[in-house]
Protein chains: 2
Amino acid sequence: MNTIQDVAQHAGVSVSTVSNVLNGRTDRMRPETLARVQEAIASLQFRPNTLARHLKTGDTPLLGLLVPSIANPMYGYIAREVETYAQERYGLRVLIGNTYRDKDKEASFFDDLLAQGVRRVLVISSLADEQHLENAARRGMAVVSYDRRATAGADSVVDHVTPDNYEAARMATALLIEQGHKRVAFATMAGMTMSRSAKISGFMDAAVAAGIGQGAQMLEGGQPTEYGDSVVSEVGRLLGARIGRDPQRPTGIVAVNDLMALGLMAGLRDAGLRVPEDVSVVGIDGLFLAALSNPALATVVLPVPDMARAMVERVMDRSSRSPAGCREMVFAPTRVMPGGSVAPPPDAGNSLAQKPRTKGKAQ
Amino acid sequence: MNTIQDVAQHAGVSVSTVSNVLNGRTDRMRPETLARVQEAIASLQFRPNTLARHLKTGDTPLLGLLVPSIANPMYGYIAREVETYAQERYGLRVLIGNTYRDKDKEASFFDDLLAQGVRRVLVISSLADEQHLENAARRGMAVVSYDRRATAGADSVVDHVTPDNYEAARMATALLIEQGHKRVAFATMAGMTMSRSAKISGFMDAAVAAGIGQGAQMLEGGQPTEYGDSVVSEVGRLLGARIGRDPQRPTGIVAVNDLMALGLMAGLRDAGLRVPEDVSVVGIDGLFLAALSNPALATVVLPVPDMARAMVERVMDRSSRSPAGCREMVFAPTRVMPGGSVAPPPDAGNSLAQKPRTKGKAQ
DNA sequence: CTGAAAGCGCTAACAC
DNA sequence: GTGTTAGCGCTTTCAG
């Protein structure tokens, strides 16, 4: 690796002139000097050492991204949008970490970032308290949190970017209501997070507004020991099987997210129920996988690219400005993507138990 | 952020003593001195600045990971395994980059890594030539490539970790043959890569060995302009629709990967064909999504966790040893995961056109 | 055992 | 315009 010294020598100038070129202060020199330096840089294939630069400037072109599990397609999708935008727009590289929603892992990631001189981080967490985020922010980090609202009252130093979970769940529920469903349920995994409770509110309010509040129920799957990916769908699958055995089962289910919905459909199938003939299912997220399922999963599409951009913008903005003007940005769902997983309820208008069926085409 | 100076002052020792503590050279000092330093470190919440350290040692605890797109569930899965293992075993953090299989993006990622002082990188690429990898390796990087074989003849300085693609395709094909399929096809997207051609060979050899070589065909979908994620399944979907219109269509299809298979199933459905009654489909990868599809996708499971570990081990090994002992590690598929997407061909034993069906249970 | 000092590669005053 | 120089925080000889 060549150093700035080598370039200076090669060009017959001093290091500061080279540094000036590197930092765009080209007005301070003769065009021919500039040309000479550029030539030297090119011929030596010189790339300034970012670390040495950081040591001086206290800033490194890295962005931390904390996700529960990058194997979860939704987080993979977000991560791709974030990385692509951060790179194209700001030349930032992304340091990724899987937290499995573990507090120690999150804290340790923050420590490492600090030690690496990384001063910007995007966090997709759902840990009950944001204390460690606030701490990091106070230690000089620009922190943007995804899928959470600002903690009421606290003058948070953390920015928030989140989909409108309440509205998303409301829209999903409305889709079922439009089809005439009276007994609806919201399926989620054990353990409450801010986004889940917002979705539950949206679901409940929609049901109550439609006059079917008493027919609305909660279905809570197990508490996954390992979070974030296949496990979510596995919980859905188990839940689907359980629903199959329930004579009082709902005719329409809103899943907390698409993975849960996909698992649910598999579980319902295992239990001998058909989607959508026996039970309708709606997801939330808008993963490309929804369109591939059989039947295609109806889902509320979240504006992932927009939110990814917003997170990057916020974190850049924050790291330049001083710790003020902290904001919360809430993104409305893009749209409802219809799918074959939703149809009118069996025995339309009648909310009593369905008789088991044994034949017919599942498609 | 406190510095080593602060700690030294706080403990009433010199910086070098603190440095010795930091680097485990505790034998060089009195136990009480050590205790005092440790106390100072703790009370100041001191974390040594990794960058400054790197500037001296020339090594940074970062691992580069290049993937076509992290939104592709398979790469997300690999990335998660890599990150988790690299972190737990070696305390390495992972710098991720989406290349969209673009040569310039890849090269630029390498440049950045070099500038960041990152000397280890894992590459999932399929670019025709590995020249840029070799270059990076020669510039002092430890490079491990996934899903490729070593270039024959060239004394590569790059390590290779790859599933046995030939064998995986062979196993997938055998699954169809066992069920009595005579007209089989291999579905892939346009554009040849090393792993794809290995799979094609495995597919062809299996067909020929079973005496149905003349009934084996290639189905090539479009060339996606943007690689790596939903697009793969989209190509599969288009391909599925095309197959539906083909009177000479195969009764069994091996897909180049699970995403393609999932897209294929959706496309076949769109075309009014049923899986597996009209056409059987087998995937390769073993994504958790395969088990969720309807019918469940039969797939050849690849040993992702093992391969992820091997990549990390190799890249660590390589960065400690000198550029010698370059290796190629090939991993046999874990197993065939059966699924409802495979069944005997229609009109078993007869390879002529199928008559359309309208009833029957789709599993 | 402990401390002083010389850098690692780069930036940014401050001179010339 | 261009060069000199003092660090950024840490590691590591080399003296004491």
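Per chain, numbering begins at 1; letters A, B, ... match sequence-line order.
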Novice: Could you check whether L22(A) gets within reach of a base, just the sugar-phosphate, or nothing at all, counting any heavy atom under 4.0 Å?
Specialist: sugar-phosphate
Novice: For the pair made of CG in N49(B) and C1' in dG7(D), what is the distance, rounded to whole Å?
Specialist: 14 Å
Novice: Would you tell me whether E106(A) and Y100(A) have side-chain atoms, one donor and one acceptor, within less than 3.5 Å of each other?
Specialist: no
Novice: Is any side-chain heavy atom of M316(B) less than 4.5 Å from a side-chain heavy atom of R120(B)?
Specialist: yes
Novice: Which nucleotide in the set dC10(D), dT2(C), dT5(D) lies at the smallest distance from any side-chain heavy atom of V15(A)?
Specialist: dT5(D)
Novice: As a quick check of understanding, evaluate salt bridge (charged side-chain N to carboxylate O under 4.0 Å, His left out) for R309(A) and E313(A), giving each step before the final call.
Specialist: CA-CA 6 Å; R309(A) 282 165 173 252; E313(A) 297 289 2; 5.9 Å; no
Novice: Check whether the side chains of S195(B) and D147(B) place a donor and an acceptor atom closer than 3.5 Å, and report yes or no.
Specialist: yes
Novice: Using a cut-off of 4.0 Å on non-hydrogen atoms, how would the nucleic acid contact of S19(B) be classed: base, sugar-phosphate, or nothing?
Specialist: base
Novice: Could you say whether E32(A) or T3(B) is positioned toward the 5' end of DNA chain D, judged by the nucleotide with the nearest heavy atom to each?
Specialist: E32(A)
Novice: Rounded to the nearest Å, what distance is computed from the CD1 atom of residue I4(A) to the P atom of nucleotide dT4(D)?
Specialist: 14 Å
Novice: Taking only the side-chain nitrogens and oxygens of R25(B), find out if one of them lies under 4.0 Å from OP1 or OP2 of dT12(D).
Specialist: yes
Novice: Provide, to the nearest angstrom, the distance between the CG atom belonging to D59(A) and the P atom belonging to dC10(C).
Specialist: 17 Å
Novice: Taking atom P of dG9(C) as reference, at what distance in whole Å does atom NE2 of H54(B) sit?
Specialist: 9 Å
Novice: Hey, does the side chain of T17(A) come within less than 4.0 Å of dG3(D)'s phosphate (OP1/OP2), counting only N and O?
Specialist: yes
Novice: Does this structure show an ion pair linking R47(B) with D112(A), if we count only N-O contacts that are shorter than 4.0 Å?
Specialist: yes
Novice: Under 4.0 Å between any heavy atoms, over every strand shown, what does T50(A) touch: base, sugar-phosphate, or nothing? Just pick one.
Specialist: nothing
Novice: Separation of D6(A) atom CG from dC8(C) atom C1', in whole Å?
Specialist: 13 Å
Novice: Does dT2(C) have its OP1 or OP2 closer than 4.0 Å to a side-chain nitrogen or oxygen of R30(B)?
Specialist: yes
Novice: N20(B) side chain N/O closer than 4.0 Å to the phosphate oxygens (OP1, OP2) of dC1(C)?
Specialist: no
Novice: For dC1(C) and R28(B) - does any side-chain N or O of the residue sit under 4.0 Å from the phosphate oxygens OP1/OP2?
Specialist: no
Novice: Check the distance between dT2(C)'s P and D27(B)'s CG and give it to me in whole angstrom.
Specialist: 11 Å
Novice: Between atom CG in L44(B) and atom P in dC10(D), what is the gap in whole Å?
Specialist: 12 Å
Novice: So, is S16(A) near the phosphate of dA13(C), with a side-chain N or O under 4.0 Å from OP1 or OP2?
Specialist: no
Novice: Tell me the interatomic distance from Q5(A), atom CD, to dC10(C), atom P, rounded to whole angstroms.
Specialist: 8 Å
Novice: Has the side chain of T162(B) got a donor or acceptor atom that lies under 3.5 Å from a matching backbone atom of Y146(B)?
Specialist: no
Novice: Compare the minimum distances between each of dT2(C), dT2(D), dG7(C) and the side chain of K56(B), then state the nucleotide with the smallest one.
Specialist: dG7(C)
Novice: Name the residue closer to the 5' end of DNA chain C, choosing between L55(B) and V13(B) according to the nucleotide with the nearest heavy atom.
Specialist: V13(B)
